[in-house]
Amino acid sequence: MSRRQYPFHLIEPKWQSHWDATSTFRAFNPGEEIPPQHPFALRHQLRGAPLATELPPKFYILDMFPYPSGSGLHVGHPEGYTATDILARYRRAAGFHVLHPMGWDAFGLPAEQYAVKTGQHPRVTTEQNIANFTRQIRSLGFSYDWSREVATTDPGYFLWTQWIFLQIYHAWFNPQTNRAESIDTLKYPAECTTESQRRAYRDARRLAFVSEAPVNWCPELGTVLANEEVIDGKSEVGGFPVIRKPMRQWMLRITAFAERLLTDLDTIDWSDSLKEMQRNWIGRSEGAEVDFQIEGNAEKIRVFTTRPDTLFGATYMVLSPEHKLVSEITSEPQAAAVQGYQQFASTRSDLERTELAKEKTGVWTGAFAVNPVNGQRIPIWIADYVLASYGTGAIMAVPAHDERDLEFAKKFDLPIVQVVQPPDPKTDWHGFTNEGTAINSSSSEVALNGLTTSEAKRTISQWLESRGLGKRTINFKLRDWLFSRQRYWGEPFPIRWQRDSDGTLYHEALPSTALPVLPPSLEDYKPTADGQPPLARAKDWVQLPDGSIRETNTMPQWAGSCWYYLRYLDARNPQSFVGNQAESYWMGTAASKTLGDRRPTPGVDLYVGGTEHAVLHLLYARFWHKVLFDLGHVSTAEPFYKLVNQGLIQGEDGQKMSKSRGNVVNPDDVLREYGADAFRLYEMFMGPLQDSKPWNTKGVEGVYRFLGRTWRLFIDEASESQFEQACTVDPHNAATHLQSIQLAPNVQEIPADAHHLKPLHACIKKVTEDLEGMRFNTAISAMMVFVNEAMGWEVKPVSVLKTFAQLLAPFSPHIAEELWSMLHTQRADPGSVPSLIYSPWPTHDPAWLIEDTLEIPVQVNGKLRDVIRVPATSDPATIEAAARSAEKVLPFLDGKTIRKVIVVPKKLVNIVAS
RNA sequence: GCCGACGUGGUGGAAUGGCAGACACAGGGGACUUAAAAUCCCCUGGCCAGUAAUGGCCGUGCGGGUUCGACCCCCGCCGUCGGCACCA
């Protein structure tokens with residue numbers, strides 16, 4: 001425990017209340033009335049209700065909103081929040097109209113599990129947690145516009161989540177236009193004559209559809225999970241085993257957007273590694289589909305291959321065990337073995353399939369197919385190394401040039417035929433999968449021999465297409481999004497089920513007037529005994545008066561986070577999920593003012609959050625945004641223009657923070673001891689935002705001492721001692737006693753001269769450039785350098801200190817406000833001090849940074865030998881002469897011939913001698 | 001296995017082709033103090049020589065290359081972290 005460096009415990013609440021009371025951080029929508037005395041109105045000379053074109057250019061800075069867990073904030077959350085807050089404050093000062101909101105991703109499993117255990121409604125738990133998170137986040141002095149706060153669990157919010165679901169439900173993907181369109185534009189084929197047929201056709205094409213496919217069922221969690229939520233056969237949450245089970249589920253047709261989700265990555269400013277993760281997840285691969293005739297059967301087997309050039313090397317085929325032709329083609333003698341294998345494969349959990357991947361299994365169906373290129377008879381096998389859900393669920397096996405096929409062929413003694421010659425003849429061709437030259441690949445009809453792999457691909461594809469045997473295709477790894485969960489604490493689907501006159505069960509959207517669909521009250525939050533979701537317990541709720549029944553699944557947690565950044569734009573709009581004016585202004589597509597030559601960014605200007613959302617949230621949100629874009633509800637094709645992932649903050653031991661390791665740092669404790677300003681400063685001083693780095697309490701003390709030193713640079717220590725005595729005597733009026741702290745006597749209204757302005761302008765330059773590049777750690781270091789220098793001044797000009805307070809303000813806003821107000825004579829009335837938040841950001845004057853003399857290092861053969869001082873105006877010849885005759889250089893030139901002299905103006909001289 | 005990031009003092013980090021180690025932590029020494037805390041000042045990559053001022057050599061994971069000059073660019077390895085993983 002150290003002595004308090006400065007009264008942060010009084011300063012921080014003081015300025016937080018001031019900002020609240022004056023709504024300092026309110027952002028105003030176009031057309032919204034702005035109070036004339038609001039500092040934003042004063043700064044930009046705005047009155048009344050300005051149009052988008054009259055407002056300053058927008059800057060939308062977004063944090064990934066947190067799940068308000070019961071354990072509260074940990075030091076990792078505020079890392080990103082501090083970075084965005086610093087930039088929000090900097091942009092405000094620089095003249096932008098900043099949107100910086102915060103909210104709660106409040107649906108989620110923990111509150112529900114607590115409800116199952118205790119019977120306490122998840123809403124109660126959620127509200128308590130939100131209150132705690134709000135308190136913690138507010139104590140850090142972030143400049144959020146709290147009037148735009150949203151919670152995904154608020155009926156006023158999830159009404160619109162349900163509404164967006166309905167837009168998706170009422171849409172289909174038109175491959176002709178490559179975009180989502182209203183389901184009304186769907187054309188029905190002639191065979192669909194009855195309404196029931198048309199409905200079936202329509203429902204199969206909606207962007208939100210029902211599927212009976214096998215899903216990832218987690219018995220422990222009592223719910224299905226999306227593929228993305230399953231890691232190594234275990235649930236991402238909790239690590240419980242996941243099995244595959246066929247169930248009726250809601251799906252969203254994200255695969256229709258695969259190509260656009262991929263190509264539009266080129267239009268946004270994300271890190272290469274993040275884009276690469278999304279690309280891998282989408283998994284585009286070009287190849288061909290080829291039809292193989294089954295011997296003695298009218299059916300064909302269609303396979304997908306990326307290597308049609310190896311068709312001559314296909315020596316057998318493999319169907320996935322679930323392939324629909326398996327039972328059809330299986331021969332009598334093999335029937336028992338095939339069924340046995342299908343049984344085996346279906347009970348193998350994903351975990352077993354993954355862990356036992358090394359050992360290939362499979363059985364022969366007894367059937368043969370004909371290789372279309374050479375008429376060869378090849379056996380058809382089934383094996384679970386072929387996945388039903390990728391491509392066509394069937395492959396042609398080319399063991400010579402595919403590692404998996406090779407392994408399988410070796411195990412089951414199947415023929416291996418080389419058809420690609422590796423470029424280096426010494427390379428073993430067994431399992432050679434790279435590009436080479438085609439061999440053994442010619443027939444009377446088509447000749448590939450001698451062609452390179454890419455030529456061979458082209459030639460064979462053309463041949464297949466001309467014969468109607470196959471065609472070029474593109475496949476994606478991306479699967480449709482499994483969108484329903486068997487949970488209570490999520491958005492209910494605005495859907496009901498009924499039977500038509502034939503008795504066929506079908507689904508129908510509830511009218512938008514029925515929104516929001518609220519979850520029913522329950523006594524018990526567990527799934528039902530027969531495995532129905534918890535909502536099925538509410539019998540009265542499920543049963544609608546007209547005899548139809550409600551959908552009892554709920555939406556996954558991702559639903560609410562797919563569009564929250566849009567709700568912030570117009571958070572209280574009761575008519576629409578976001579108003580057009582607000583949307584086009586904040587998303588940068590409305591005509592508006594510019595700042596310099598800077599155009600408004602399309603989409604969110606900066607989005608900061610953790611890498612854990614690299615594929616899930618970011619892909620789902622981009623998908624929803626594209627649907628909304630196609631349907632005309634938003635004006636940009638992408639939601640998040642620039643995205644930055646903050647690194648992980650580890651415990652003091654360098655390990656990941658976790659309760660079980662006991663290395664969790666609670667921000668509340670740090671704030672109590674050092675204050676919010678020091679906390680914020682330390683989070684940024686630790687290192688680059690994107691890097692992972694360990695917490696170190698000693699490091700907090702370091703920046704805390706810096707703030708103490710800054711404080712003492714400004715204030716009179718005698719008056720502070722009096723203040724402390726007054727506080728001891730009369731602790732209840734401590735905040736009032738703050739007024740008695742005075743500026744140091746050597747802080748004076750005098751003109752600044754070069755020895756003040758040179759370090760100041762160097763600091764302005766460095767801090768500004770580093771803010772633009774998000775290099776917060778070096779910006780802070782530049783401020784430390786300035787303070788260390790200024791501590792030595794005999795007299796400190798008020799103007800210089802004011803500018804420094806502005807530089808410090810984005811980082812440590814409370815102390816900056818206090819010092820700023822002290823530098824103004826009307827300090828006693830904070831309302832009359834010009835707003836620090838909206839004071840124009842200082843610019844540096846390069847004139848102050850020009851040096852008269854330069855120190856130029858002199859090297860001999862690349863090694864530093866001396867440093868010479870020359871007038872800044874010296875020409876290269878003069879510098880060279882000075883370098884050659886430098887005292888410490890001469891001994892190294894003795895007896896040598898100078899071969900070359902490199903003079904880098906203003907930087908360095910290198911003399912090459914031998 | 002594949003893809004991507006990264007590797008610098010005792011520690012966090014700085015320098016992206018031009019004086020390696022800014023800034024800070026830790027450590028050491030000193031001032032103030034009855035004492036401690038706080039504060040302020042000085043030293044602080046390693047090795048060698050010198051009483052000292054100082055000087056020399058080595059040094060950015062390892063090995064090679066390009067260059068007058070490489071932490072930085074290129075090639076090959078090793079290690080750490082993150083992602084994907086039977087996707088035909």
Side-chain angles (χ1 to χ4, degrees), chain A residues 1-5 231-232 271-281 283-285 287 303-307 310 318 320 353-354 356-358 360 383-387 389-398 401-405 407-408 433 475-479 611-612 614-615 645 647-648 654 656 682 685-688 690-703 705-706 708-709 712 717 766 775 777-785 788 791 855-867 888 891 899-904 906-913:
Chain A
M1 180 76 78
S2 51
R3 183 182 168 275
R4 184 147 47 219
Q5 292 270 350
I231 294 170
D232 292 337
S271 72
D272 288 342
S273 66
L274 190 65
K275 285 186 180 180
E276 204 52 32
M277 274 193 233
Q278 292 230 335
R279 287 193 191 105
N280 289 340
W281 193 264
R284 183 183 196 272
S285 66
V303 302
F304 173 72
T305 178
T306 54
R307 292 297 298 270
T310 63
V318 186
S320 69
R353 281 177 83 130
T354 320
L356 305 175
K358 288 160 202 125
K360 294 272 182 295
D384 70 356
Y385 84 90
V386 174
L387 308 174
S389 52
Y390 182 77
T392 60
I395 61 156
M396 64 175 207
V398 184
H401 307 295
D402 182 283
E403 285 173 27
R404 297 150 301 183
D405 296 344
E407 198 187 324
F408 191 83
T433 56
N475 251 305
F476 295 92
K477 284 203 285 190
L478 185 68
R479 311 290 160 79
T611 342
E612 65 272 22
V615 280
N645 287 125
L648 224 62
K656 198 176 166 186
Y682 176 64
F685 188 60
M686 291 169 81
Q690 289 90 336
D691 292 3
S692 288
K693 53 239 162 205
W695 184 266
N696 177 6
T697 300
K698 291 286 185 193
V700 191
E701 283 175 22
V703 294
R705 275 201 287 269
F706 161 67
R709 219 157 45 242
R712 291 188 296 275
E717 299 202 43
K766 180 73 176 152
R775 293 179 296 267
N777 54 333
T778 49
I780 294 165
S781 136
M783 292 190 287
M784 289 173 166
V785 170
N788 289 343
M791 287 295 271
E855 288 191 357
I856 299 200
V858 182
Q859 298 182 334
V860 178
N861 293 330
K863 286 192 179 179
L864 180 73
R865 294 304 175 191
D866 203 353
V867 178
K888 291 174 190 164
R899 304 280 172 203
K900 196 173 177 183
V901 180
I902 292 107
V903 180
V904 184
K906 295 181 181 161
K907 286 281 185 189
L908 163 142
V909 178
N910 190 10
I911 301 168
V912 185

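Numbered from 1 within each chain, the chains take letters A, B, ... in sequence-line order.
Comparing the C1' positions of B:rC57 and B:rA5 gives a spacing of 35 Å, expressed to the nearest Å. Nucleotides B:rU51 and B:rU39 place their C1' atoms 35 Å apart, quoted to the nearest Å. The gap from the C1' atom of B:rU67 to that of B:rU54 amounts to 33 Å, rounded to the nearest Å. For B:rA88 and B:rC81, the C1' atoms lie 30 Å apart once the distance is rounded to whole Å. Annotation: B:rG21 and B:rG59 have their P atoms spaced 16 Å apart (nearest Å). For the C1' atoms, the distance from B:rG27 to B:rG17 is 35 Å, rounded to whole Å. Rounded to whole Å, the separation between the P atoms of B:rC32 and B:rC25 comes to 24 Å.
Under a cut-off of 6.0 angstrom, the local environment of CD in A:Glu403 is sparse, with at most 12 non-hydrogen atoms contributed by other residues, nucleotides or ligands.
Nucleic acid contact class of A:Asn910 (heavy atoms, under 4.0 Å, all strands): base. A:Arg705 comes within contact range of the sugar-phosphate backbone alone, with a heavy-atom separation under 4.0 Å but no base atom that close.
Closest to the side chain of A:Met277, out of B:rG18, B:rG13, B:rG82, is B:rG82. Side chain of A:Asn280, nearest nucleotide from B:rC3, B:rU39, B:rG13: B:rC3. Of the candidates B:rA88, B:rU39, B:rC19, the closest approach to any side-chain atom of A:Tyr390 belongs to B:rA88.
Consecutive pairing runs in RNA chain B reach the stem threshold at B:1-7 with B:78-84, B:10-12 with B:23-25, B:27-31 with B:39-43, B:45-49 with B:54-58, B:61-65 with B:73-77, where a stem means at least three Watson-Crick or G-U wobble pairs with distances under 3.5 Å.
Taking only distance into account, the side chain of A:Lys477 never meets the base of B:rC84 through a donor-acceptor pair shorter than 3.5 Å.
Geometrically, A:Lys360 does not engage A:Phe408 in a cation-pi contact, judged by NZ or CZ lying under 6.0 Å from the ring centre and within 45° of the ring axis.
Straight-line distance from the CG atom of A:Asn696 to the P atom of B:rA26: 8 Å, rounded to whole Å. Note: CZ (A:Arg899) to P (B:rC68) measures 14 Å, nearest angstrom.
Checking side-chain atoms of A:Asn861 against main-chain N and O of A:Ala913 turns up a donor-acceptor pair under 3.5 Å.
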Listed pairs, N/O of protein and of nucleotides 52-58 of chain B, under 3.5 Å:
unit_1, atom_1, unit_2, atom_2, d
B:rG55, OP1, A:Lys888, NZ, 2.9
B:rC57, OP1, A:Arg865, NH2, 3.3
B:rC57, OP2, A:Arg865, NH1, 3.1
B:rC58, OP2, A:Lys863, NZ, 2.9

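A donor-acceptor contact closer than 3.5 angstrom links the side chains of A:Tyr390 and A:Ser285.
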